[in-house]
> 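There's a structure below that I have some questions on.
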Number of protein chains: 2
Amino acid sequence: MPKRVDHDERRRRIAEALWRIASTRGLEGASLRDVAAEAGISLGQLQHYFRSRGDMLVFALDHINELAARRIRARIEASAAVPSPRVILRESVAEMLPLDAESRSGNLVQVAYFLHAVHDERLRGHAKEGVPVLRALFADQIRRAMADGQIAPDRDPDTEATLLICLVDGLTSYTLLDVHSPAEAMALADAHLDRLFTP
Amino acid sequence: MPKRVDHDERRRRIAEALWRIASTRGLEGASLRDVAAEAGISLGQLQHYFRSRGDMLVFALDHINELAARRIRARIEASAAVPSPRVILRESVAEMLPLDAESRSGNLVQVAYFLHAVHDERLRGHAKEGVPVLRALFADQIRRAMADGQIAPDRDPDTEATLLICLVDGLTSYTLLDVHSPAEAMALADAHLDRLFTP
DNA sequence: GTTATTGCAATACAACTGACCTGTAAAAAT
DNA sequence: ATTTTTACAGGTCAGTTGTATTGCAATAAC
């Protein structure tokens with residue numbers, strides 16, 4: 001055999017090529033041939049690493065979810081030595097919203113997957129799994145802020161966490177549609193946080 | 001010529017067949033042949049009424065938007081003789097959320113269009129146009145409630161209207177994904193309204 | 001050096017796509 | 001009665017899709 005190859009590394013490269021296409025033409029517009037061309041490899045080689053198109057889609061979704069989680073963590077750690085709950089929430093939201101071109105294309109990929117997941121049971125599991133984790137993270141921060149007197153004690157942390165996630169999702173949708181600008185989206189998120197953080 | 005036919009009525013029938021397919025298999029899964037079969041007509045007949053697939057998609061989107069707006073109006077008028085702002089907002093939200101099977105499939109069609117619209121300039125215009133109308137309607141009700149002392153006077157009506165729309169959008173997405181149930185979605189929306197309506 | 005295995009290229013294939021074209025029956029217009 | 005227009009049925013076409021198959025070069029194991 002020729003050089004022994006890192007399979008996962010190749011798969012990640014292919015997944016990234018897939019995102020580039022999915023963010024401009026949608027997931028359905030990303031045929032095996034297109035992805036192979038975008039990745040600079042042959043169709044045969046792509047098929048060597050993914051037995052089917054479905055396998056490729058699932059791998060790429062898992063990969064993008066992992067990268068997103070990593071970026072949120074990195075951003076929080078970079079923001080302050082001991083970040084306050086409000087900073088953590090705000091930075092997380094900022095990272096999730098499509099505020100720059102890169103994040104925008106990432107969100108487009110997520111949306112493409114979302115639509116697919118609604119109709120595809122296999123993808124749905126992968127698409128859903130991140131939500132409870134994120135809700136728990138948000139709810140924890142809200143609890144911390146409540147203990148600190150920054151949020152009224154009659155709020156329910158889980159409810160507030162879910163509302164915030166849903167709001168970000170909606171803000172993302174309308175930002176992608178150019179109904180409002182990235183800056184307006186962030187301002188709206190801040191307005192929501194302002195009212196969450198009232199003792 | 002044979003019986004003179006109501007073209008728009010035929011087109012509406014075809015559009016409804018398209019929704020039935022789009023809500024289960026997605027927009028891309030709705031080929032001209034599939035739509036024709038679902039509508040119980042031949043491919044030739046379908047092509048007689050729509051010169052291209054794109055035309056069909058645009059018509060069906062406009063039609064579904066119009067029906068949705070009509071249903072919201074009907075629901076509000078049915079709720080009370082002189083509906084309060086809060087009732088109007090709540091009923092509108094309830095109509096937008098995928099609370100029953102019919103509404104769910106309608107929302108699935110909307111989502112399918114949304115993803116398409118992000119990449120298709122022609123569709124984007126049609127998909128966006130409903131938002132400012134809805135925001136104006138919501139903002140009006142919020143202003144009425146503020147004048148009545150039901151909402152704190154320091155709130156910005158347009159901001160609150162936009163936040164509510166975005167929240168509903170996010171609630172819809174996660175309800176479609178079965179992250180939470182329709183009942184939970186409505187409870188979350190009520191929680192948000194509770195905090196909006198505090199003097 | 002032989003053999004077995006891996007990495008990949010190339011081709012083939014059946015299914016399906018949207019668009020286009022032609023044919024024809026029916027009825028309205030003249 | 002003739003002409004014209006409408007409403008459709010059916011077929012064709014070039015192009016694209018995911019998948020399967022075959023062939024072959026490179027190298028590790030023996």
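Numbers restart at 1 for each chain; the letters A, B, ... are given by sequence-line order, proteins then strands.
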> Report yes if a side-chain nitrogen or oxygen of R10(A) is closer than 4.0 Å to either non-bridging phosphate oxygen (OP1 or OP2) of dC8(C); otherwise report no.
yes

> Does atom CZ (R53(B)) have a neighbourhood of more than 12 heavy atoms from anything else shown, all under 6.0 Å?
yes

> Heavy-atom contacts under 4.0 Å between residues 38-57 of chain A and DNA chain C, which residues?
S42(A), G44(A), Q45(A), H48(A), Y49(A)

> Which residues satisfy the side-chain hydrogen bond (donor to acceptor under 3.5 Å, both in side chains) test with D158(A), sequence neighbours excluded?
none

> Under 4.0 Å between a side-chain nitrogen and a carboxylate oxygen: does that hold for R90(B) and D190(B)?
yes

> Salt bridge or not for E91(B) and R73(B), using N-O below 4.0 Å?
no

> On the 0 to 90° scale, with breaks at 30° and 60°, tag the W19(B)-H63(B) ring pair as parallel, tilted or perpendicular.
tilted

> Scan residues 14-35 of chain B against DNA chain D and write down, sorted by residue number, each residue with any heavy atom closer than 4.0 Å; if none is found, say none.
R33(B)

> Could you check if a side-chain atom of E38(B) sits within less than 4.5 angstrom of a side-chain atom of I14(B), using non-hydrogen atoms only?
no

> State, to 0.1 Å, how close G106(A) and I64(A) come at their nearest heavy-atom pair, and which atoms those are.
O-CD1, 4.0 Å

> With T159(B), which residues qualify under side-chain hydrogen bond (donor to acceptor under 3.5 Å, both in side chains), at least two apart?
D156(B)

> Not counting sequence neighbours, which residues clear side-chain hydrogen bond (donor to acceptor under 3.5 Å, both in side chains) with D140(B)? List them please.
none

> Output the residues of residues 111-125 of chain B in contact with DNA chain C, where contact means a heavy atom of the residue under 4.0 Å from an atom of the strand; sort by number or write none.
none

> What distance do T162(A) atom OG1 and H180(B) atom NE2 have between them, rounded to the nearest 0.5 Å?
7.5 Å

> dG7(C), OP1 or OP2 - any side-chain N/O from H7(A) closer than 4.0 Å?
yes

